[in-house]
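Accompanying notes for the structure given below.
Proteins come first, then strands; the chains are lettered A, B, ... in the order of their sequence lines, and each starts at number 1.
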There are 2 protein chains.
Amino acid sequence: MPAATNPTNHDHAHCIADALTRADALCAERGARLTALRRQVLELVWTSHRPRGAYAILEDLSQREGKSAAPLTVYRALEFLVEQGLVHRLESLNAYIGCAAPGAVHSGQFLVCEACGNAVEIDDPRIRAAIDTIAAERGFQVDRPTVEVRGRCTDCQEKTP
Amino acid sequence: MPAATNPTNHDHAHCIADALTRADALCAERGARLTALRRQVLELVWTSHRPRGAYAILEDLSQREGKSAAPLTVYRALEFLVEQGLVHRLESLNAYIGCAAPGAVHSGQFLVCEACGNAVEIDDPRIRAAIDTIAAERGFQVDRPTVEVRGRCTDCQEKTP
DNA sequence: GCCGCCTACGTTATAAAATAACATCATGCC
DNA sequence: GGCATGATGTTATTTTATAACGTAGGCGGC
């Protein structure tokens with residue numbers, strides 16, 4: 001797992017700022033409305049490099065606003081962010097994570113550490129190629145491939161070998 | 001998608017009988033207890049080649065028994081069946097499907113048709129190899145890879161081209 | 001056989017994740 | 001300003017999953 005996902009050895013504020021800047025740019029370019037609410041939800045998704053549940057985000061949002069928000073508020077914002085490719089949903093965790101490279105082609109591949117909870121996006125063409133090959137052999141038309149690999153990241157292997 | 005998953009052109013009763021026979025054999029071999037309840041849940045999972053939700057199975061079970069069963073009853077049976085590799089859970093659907101080749105090595109790969117709902121297990125070594133390669137490059141230790149490809153099966157492409 | 005142990009099953013309650021239906025508000029366009 | 005469209009608020013409900021605790025049933029040791 002890249003060092004950047006270890007919260008102790010990188011400037012995470014920079015990750016967040018970066019993500020927001022890119023989101024602003026992408027949405028402006030597309031004419032999509034990154035409203036204050038959506039932007040705030042995006043920021044909360046980026047709280048860490050661990051996938052976050054909708055209700056965790058909801059709690060943070062409620063605290064920030066000083067009043068309790070409704071689940072739908074968050075789900076709608078997340079839906080927008082996923083559509084725009086700014087956020088991915090991790091199916092096996094029912095959780096959301098900020099996209100490392102919005103704007104680029106995505107096939108949604110992740111390495112998820114079961115020890116620290118960090119998830120790293122790996123848009124690797126070889127996995128995608130393998131999937132496309134098998135699908136083609138079987139006449140299956142690929143729409144949305146999901147790859148979520150559970151295991152242990154380098155850092156966590158070192159901690160408990 | 002193989003013809004065998006098209007419910008109109010294969011003897012599905014045979015699929016079910018086969019699955020139960022293999023389950024009996026595997027559990028006997030391992031000393032695992034495939035109780036009447038677990039066997040019945042396995043049968044209900046095999047109702048079709050479509051992944052089924054726990055609550056759908058629960059309903060069927062209640063109907064068969066003539067009294068309403070509790071969710072936990074089904075979840076516990078499913079947990080056992082998944083542990084034994086007789087059933088797989090499709091993370092992206094919150095649903096369960098019978099394993100086509102229990103006893104063999106599994107890496108949990110599926111082609112899921114969004115039109116007809118059928119899911120086919122494809123334990124393809126090339127996908128697995130690609131995942132292992134990338135993981136090795138990043139020092140990530142793979143535990144449980146999940147591959148769920150959404151799209152359209154051959155049959156459904158023909159129906160609405 | 002009988003006892004004790006471990007595992008499976010039953011029951012009730014509750015948590016967690018997601019959506020439905022409908023009302024209201026904001027924003028951009030003319 | 002007025003209107004259309006899309007975003008947000010509000011309330012209720014559905015779907016999925018687990019917790020906590022008690023009972024029963026099979027299996028091995030003796």
Side-chain angles (χ1 to χ4, degrees), chain A residues 23-24 27-28 30-45 50-84 86-97 117 146 148, chain B residues 23-24 27-28 30-45 50-84 86-97 117 146 148:
Chain A
D24 287 334
C27 287
R30 294 173 183 163
R33 288 164 64 182
L34 186 61
T35 63
L37 175 64
R38 290 166 172 175
R39 206 168 182 280
Q40 197 164 18
V41 169
L42 178 59
E43 193 179 346
L44 291 171
V45 168
R50 284 184 291 282
R52 303 199 78 198
Y55 280 74
I57 293 164
L58 179 61
E59 252 183 57
D60 286 1
L61 188 64
S62 298
Q63 203 170 357
R64 277 205 187 178
E65 301 289 299
K67 59 176 178 180
S68 77
L72 254 180
T73 304
V74 168
Y75 277 106
R76 282 196 284 225
L78 287 171
E79 189 188 3
F80 169 86
L81 295 169
V82 168
E83 269 169 12
Q84 297 297 323
L86 298 166
V87 162
H88 293 294
R89 177 182 153 80
L90 279 142
E91 304 288 351
S92 61
L93 296 171
N94 296 330
Y96 301 81
I97 191 166
T146 299
E148 297 177 12
Chain B
D24 286 333
C27 288
R30 292 174 183 165
R33 290 162 64 183
L34 186 61
T35 64
L37 176 65
R38 288 166 175 175
R39 204 167 182 280
Q40 197 164 19
V41 169
L42 178 59
E43 194 181 344
L44 291 171
V45 168
R50 283 185 291 282
R52 303 198 78 199
Y55 280 75
I57 293 163
L58 178 61
E59 252 182 58
D60 286 359
L61 188 65
S62 298
Q63 204 169 357
R64 278 203 187 180
E65 302 288 299
K67 60 177 180 181
S68 78
L72 254 180
T73 303
V74 168
Y75 277 106
R76 282 195 285 224
L78 287 171
E79 189 186 3
F80 169 85
L81 296 169
V82 168
E83 270 170 11
Q84 296 298 324
L86 298 167
V87 162
H88 293 293
R89 178 182 155 79
L90 279 142
E91 304 289 350
S92 61
L93 296 171
N94 296 330
Y96 300 83
I97 192 167
T146 299
E148 298 176 11

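For B/Glu91 and C/dA18, the CD to P distance is 13 Å, given to the nearest whole Å. If you take OH of A/Tyr75 and P of C/dA16, they are 12 Å apart, rounded to a whole angstrom. Remark: P of D/dT15 and CZ of B/Arg52 are 15 Å apart, rounded to the nearest angstrom. As a whole-Å value, the separation of B/Glu79 CD from C/dA8 C1' is 12 Å. Counting to the nearest Å, the C1' atom of C/dA8 and the CD atom of B/Gln40 are 15 Å from each other. The CG atom of B/Leu34 sits 15 Å away from the P atom of D/dG26 (whole-angstrom rounding). If you measure from atom CZ of B/Arg38 to atom C1' of D/dG25, you get 13 Å, rounded to the nearest angstrom. Taking atom CD of B/Glu83 as the reference point, atom P of C/dT7 lies 12 Å away to the nearest angstrom.
Scanning atom types as modelled, one donor and one acceptor separated by under 3.5 angstrom connect the side chain of A/Tyr55 and the base of C/dA17.
Among the protein residues, A/Leu72 comes within range of the nucleic acid bases, having at least one heavy atom under 4.0 Å from a base atom.
Side-chain nitrogen and oxygen atoms of B/Thr73 include at least one within less than 4.0 Å of the OP1 or OP2 phosphate oxygen of C/dG10. In this model, the phosphate group of C/dT27 is not approached by any side-chain N or O of A/Arg33 to a distance below 4.0 Å at OP1 or OP2.
Defined by atom type and a distance below 3.5 Å, a donor-acceptor pair is present between the side-chain atoms of A/Ser92 and A/Glu148.
Rounding to the nearest 0.5 Å places CZ of A/Arg39 at 11.5 Å from CG of A/Leu81.
Screening B/Leu42, B/Val74, B/Thr73 for a side-chain contact (heavy atoms from CB on, under 4.5 Å) with B/Ile57, the sole residue that qualifies is B/Val74.
Along DNA chain D, the nucleotide closest to B/Arg76 and the one closest to B/Arg89 are compared, and the more 5′ of them pairs with B/Arg89. A residue-by-residue look at A/Asn94 and A/Lys67 shows that A/Lys67 has its nearest nucleotide of DNA chain D further toward the 5' end.
Looking only at side-chain heavy atoms (C-beta outward), A/Ile97 and A/Arg50 stay at 4.5 Å or farther from each other.
Ionic pairing of B/Glu43 and B/Arg64 is present here: one or more N-O contacts between side-chain nitrogen and carboxylate oxygen are shorter than 4.0 angstrom.
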